[in-house]
Each structure stands twice: as C-alpha cells, then as structure tokens.
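A short write-up of the structure that comes next.
Order of the sequence lines fixes the chain letters, A, B, ..., with proteins taken first and strands second; residue numbering starts at 1 for each chain.
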Amino acid sequence: MIAFKNVNKWFDKLHVLNDINLEVAKGEVVVVCGPSGSGKSTLIRCINRLEPIQEGSLIVDNMSVHDKKMNMTTIRAEIGFIFQSFNLYPHMTALENVTIAPMKVRKMSKPEAEELGRKTLTRVGLGDRVDNYPAQLSGGQQQRVAIARGLCMQPKIMLFDEPTSALDPEMINEVLDVMRVLAKDGMTMIVVTHEMGFAREVAHRVVFMDDGQIIEVAPPDDFFNNPQTERGKLFLSSILKH
Amino acid sequence: MWGFYFNELMNSLPFFLKGLWMTVAVSGLSLIAATIIGFVLGIMRAGQNKILRYGIGAWVDVTRGTPFLVQVFIIFFILPGVGIELEAFPAAVIALSNMGACFICEIVAGGILAVPQGQREAATASGLSAYQQMRSIVMPQAMPSIIPPLVGQYVLIIKDSSVVSAIGVVDVTRVGWLTVQRIPEGLMVFGLVGLLYFSICYPLILLSNYLERRMSVEKTRL
C-alpha cells in the first residue's frame, strides 16, 4: 500500500530523512515512535506530499507520490491526515468541516455529503454536535471531528501525526477509542504517537526512529520487551521511567 | 462685509456641489479599481511565487515611499514625454487607484498571512485546490481582519483625492481655490470645502468603527 525506497530528505543541511526503506501493507497498523526531532512527523508528511523529498521513491496505492506529473488531488483524496493541532476550519460547523472536501473534491451533492457527514460524525460519537462550531467543542471532540473529516473522503489510508499530544489527559482515550475501532475495521494506518499503551494494543508493527533513520522495526511485544538496539533501549527507558 | 461674502458663497453653492460630484467621481472610480487590483496583488503577494512576491513588494515600497503629489505629476506631466498622453481626469484616477491598490495590497496580504498555516495544510491534505482553499478556507477567515482597515483606506483615498486639484481636475478643493480669488475669506471658503469632505468621510468612519467592533466579535469564534 505504501512503499518508501531509499528516501532521503534534507531541510537545508539537516538530513531529516536518511535512507528510509519501509513497506506498509493494506490493513496494517504501524506506530512510529522516537525522540522529538527524529523525523517521525516528516516521514508521514511526505506520504501525501505536504513535504517534498529529494531522493528515492515513495509509492502509495501504486501511484508515485513525488512524480512531478502526478495529480496530487487523486492521491490526497485517498489519504486522511490528522494533525496534532486538529486544524479544523473555525468558520464552519462540524458538519460543514466534514462535508466541504467530499463536495468540492469528490463532487458529491450537498444532501449526499450531509448524509455521509452525519453518519460519520455519529460514528465518532458526535451525532449531537453537527451544528457546533469548533470553538464550542472540547479538544477531544475537535480531534474526533478532524478524524470524521478524514473519514468522509472514504480514504484507503489514515495518517495520524501525534493526534493526542495537544489533548488534556482525560480526553486522550475518547480519541484513541475511535482509532482502535478504525484499526479493527481494517483501515491502513500509520500513527506517530507517544501512547505506548495504544501501540502495544493496536499496532502490528512499531517503527522506531532516531536522527532521521529507522533504527528498528518490530512487532510491539518484541520491541517493548526486548529492543535490539542501544538507542531503542535508551528511548524506552526514558519514556517508561516517569 | 462678512455677511456679504457669506451670501456670495451661498450663491456659489451649486459650483461647490459640482466640485463635490467630481471628488466623488474621481475617488469612487479609484476605490473600486484600487479594491480589485489591491485584492489581486495582495493574494499574489501572500502567495508562493517569489518573483511576484518581491516584484509587488518593491512596487508597493516605491509607491508608499514617494509623495502622492509627485506621483500625480509624474503620471500627468512626465508620461507624455514618453508618448503617453493623458487627460487630467484619467491621470487622477490612475494615480489614486495605484496608491490605493498598494495600501490595500498590504492589508489583504497581511490578513491572508494571519490565517494559520495549519488551515492551508488541512485543506491541502484533503485535496482542495489552491483556488478552492483561497475561496472557502483562507479568505473567509482573513476577511474580518481585512474589512475594517479597508474601509479606513477608502476614507484616505477620498481625502487624498484633493491632491489631484493640482493638475486641474475641478474637484471641490479646486473649486475652493477658484472661489477664494473672488471671495477673499479663506477660512469661510475652505471651511465649507472641509465640511463637504467631512460629510462624505464621516459616515465611512462610523462604518469602519462599527465593522471593527462587529469583526472583533466574529474573530473570537475563529
């Protein structure tokens, strides 16, 4: 479904992605973890070309993402992207937030899009909040609207960039619950997160990154119980200590 | 004597109203053109293309860094030297439109750039085109910070239009100059001129204040 082949990326002189090779299969849930500044977010932002890459190839659903001739709308429509800071459109209600892309990109009619929007908002537990503006919703609710916004495009892949990092602790679970259900339904997901409990429970594989490189790729039980590298051990001890 | 001049002045009132009409025509045409051009330039100035961004920036700096009277003279007296002949009226409209467009360009670009980058990223990620993003996501959020200073800019355009009397456009300022030669009561004559400007600017100032208050309420939602 997603294949990185020898991907390299620089911000000026900083080598943010260093020879990345990674394949993610259909229906697979991959959690990416690592210290901050290790290139986790950049890695998933390349998948829908929010960031360009300088070397290598990146294939998503048989389409070459960084090919200049590629029509990005087609690819982006297949990929839902969830941001740390939600990025809901503040001037639109929850329902308008989730229906604008289906109408403008998928060319769905308004009633059709609204029916889908209501159904999807209900699915994330916000069926009674369709007419609220983002400012009237809690952080956890806003992030669930954002997930519904992604789902309304009926994507093949969902990418999550630290979806719970900006949330108060008591709201983290309501978002993770929605993601658990998605994973069980067979969505292909890449999740950048520090929620190690979620990773253990839901992920098929954990990717550990440091310094722009993929250091380890392993099933969660293996990685958490028995990391193979020094850097992996160091990272795990630093996050599990507190 | 004062009473006599006052009567004379009242008799010239139709002349003043004609001048006022000219002021309204020059500044009205200019502010329409300035708004359209200013928005187009502002959107490009806030865009990705570096050549457009710096090109427009340089032009705005030149316009803002030179006196308006000098700009009017350049367009009216110097352009004919390179073969571009203009009547006073179109020269005045061009000069005013250019100046207004440059200020409006900065207002629009500022409003657009104040919309958080994450808004564009979210829209990009869901597949919206650059035009769709501008229309449905960016502009609706930028407008509350654009509209109040935009209306304020209209007031400046109307007041600055008095400068074009210098190239012979018979606007209300020019009417004042012509009248004061007949009625040598400067305070009285230009008091009337000022009053006429004020009568069209004041409603706009009130509108700008009102919009400022309404938009700040609007912005609390954003």
Nearest heavy-atom neighbours spanning [X] and [Y]:
X        : Y        : answer
A:Phe81  : B:Ala125 : CB-CB, 3.9 Å
B:Ile137 : A:Met92  : CD1-CE, 3.9 Å
B:Ala123 : A:Tyr89  : CA-OH, 3.2 Å

Heavy-atom cut-off 4.5 Å, strictly under: side chain, backbone, both or neither for [X] against chain B?
X        : value
A:Met153 : side chain
A:Arg106 : neither
A:Leu50  : side chain
A:Arg45  : side chain
A:Leu88  : backbone

message: Using side-chain heavy atoms (C-beta onward) and a distance below 4.5 Å, is B:Ser136 in contact with A:Lys104?
response: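 The answer is yes, as the side chains (C-beta and beyond) meet within the 4.5 Å cut-off.
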
task: Check whether any side-chain heavy atom of A:Arg76 lies under 4.5 Å from a side-chain heavy atom of B:Ser126, and answer yes or no.
output: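 Not touching, per the 4.5 Å side-chain cut-off.
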
message: For B:Gln119, is there any backbone N or O sitting under 3.5 Å from a side-chain donor or acceptor partner on A:Asn87?
response: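 Such a contact is absent between A:Asn87 side chain and B:Gln119 backbone.
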
task: Find the one option among A:Val105, A:Thr73, A:Asn48 whose heavy-atom pairs under 4.5 Å with chain B are most numerous.
output: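 Answer, by heavy-atom pair count under 4.5 Å with chain B: A:Val105.
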
Above 12 or not: heavy atoms from other molecules or residues under 6.0 Å from [atom1] of [X]?
X        : atom1 : result
A:Trp10  : CH2   : yes
B:Ile51  : CD1   : no
B:Leu187 : CG    : no
A:Glu23  : CD    : no
A:Phe11  : CZ    : yes
A:Glu55  : CD    : yes
B:Gln48  : CD    : no
A:Glu115 : CD    : no

query: Distance from A:Glu51 atom CD to B:Glu121 atom CD, nearest 0.5 Å?
result: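 Separation between the atoms: 7.5 Å.
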
